[in-house]
Amino acid sequence: SASYPAGPVMSRRLRVLCLHGNQQCAQLFENKTERLRRACSDVATFHYAEGPEERDRQPGDDLPPRGWFPAEDPGFSADAPPAGRWVDCLERVLGTYGPFDAVLGFSEGAVAAAVLC
């Protein structure tokens, strides 16, 4: 493994909000990012939020899949501010668990983060 010069000492660990992709859930995303969490455990903590939209289980799904946007209409456009259950959900997460220093979004979770920010 590579060796990097020591950086500045941080007074606290960074708080990272993690948003799973479509057909995933917070627990699955947490499982999939285990190596990242271990590698960053000295500098960051991770909070995994659950998308508000239920999805149909597919063969082999061990955990109930979810998404951020309704399957038929994501609820945002370039002409209007973001709205919908996903916005309410993220505002609750931010109000309850925030503030966060960073957002890690995968696929649909990255879209939710980009639209909301």
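Fair warning: this is a prediction, and the values are worked out from it, not measured in the lab. Computation of the quantities below employed the complete heavy-atom set of this structure, encompassing side-chain atoms and omitting hydrogens, waters and symmetry-equivalent molecules.
Of all heavy-atom pairs spanning P64 and C25, the tightest one is O-CB, 3.5 Å. Among all heavy-atom pairs drawn from G21 and S107, the shortest one is CA-CB, 4.3 Å.
More than 12 heavy atoms of other residues, nucleotides or ligands shown are found within 6.0 angstrom of CZ on R38.
The closest side-chain heavy-atom distance from D101 to L17 is not below 4.5 Å. Annotation: side chain of D56 is not in contact with side chain of D61 (no heavy-atom distance under 4.5 Å). Residues L90 and W68 have side chains in contact (heavy-atom distance under 4.5 Å, counting atoms from C-beta outward). Between L19 and V103, some side-chain heavy-atom pair lies under the 4.5 Å cut-off. In this structure, H20 and E50 have side chains that are in contact, with non-hydrogen atoms separated by less than 4.5 Å. Contact check for T45 versus R13: side-chain heavy atoms found under the 4.5 Å cut-off. Within the 4.5 Å cutoff, side-chain heavy atoms of F69 are placed close to those of V111. Put simply, the side chain of L28 does not reach to within 4.5 Å of the side chain of Q23, judged on heavy atoms.
The existence of a salt bridge linking R85 and E54 is excluded, since no basic side-chain nitrogen approaches an acidic carboxylate oxygen closer than 4.0 Å. Ion pair R57/D62 not flagged as a salt bridge, since none of the NZ, NE, NH1 or NH2 atoms sits closer than 4.0 Å to an Asp/Glu carboxylate oxygen. A salt bridge is defined here as a Lys NZ or Arg NE, NH1 or NH2 lying under 4.0 Å from an Asp or Glu carboxylate O, and R66 with E53 fails to meet this definition.
At a threshold of 4.5 Å between side-chain heavy atoms, the hydrophobic network of Ile, Leu, Val, Met, Phe, Trp and Tyr places L104 and V115 in two separate groups. Using a 4.5 Å cut-off between side-chain heavy atoms of Ile, Leu, Val, Met, Phe, Trp and Tyr, with links allowed through other members, F46 and L14 fall into different hydrophobic clusters.
Of the inter-residue distances, the one linking T96 atom OG1 with E91 atom CD reads 11.5 Å to the nearest 0.5 angstrom. Residue C18 holds its SG atom at 14.0 Å from NZ of K32, rounded to the nearest 0.5 Å.
Between the R55 side chain and the N22 main chain, no donor and acceptor come within less than 3.5 Å of each other.
By the 30° and 60° cut-offs, the orientation of the rings of F106 relative to F29 is tilted.
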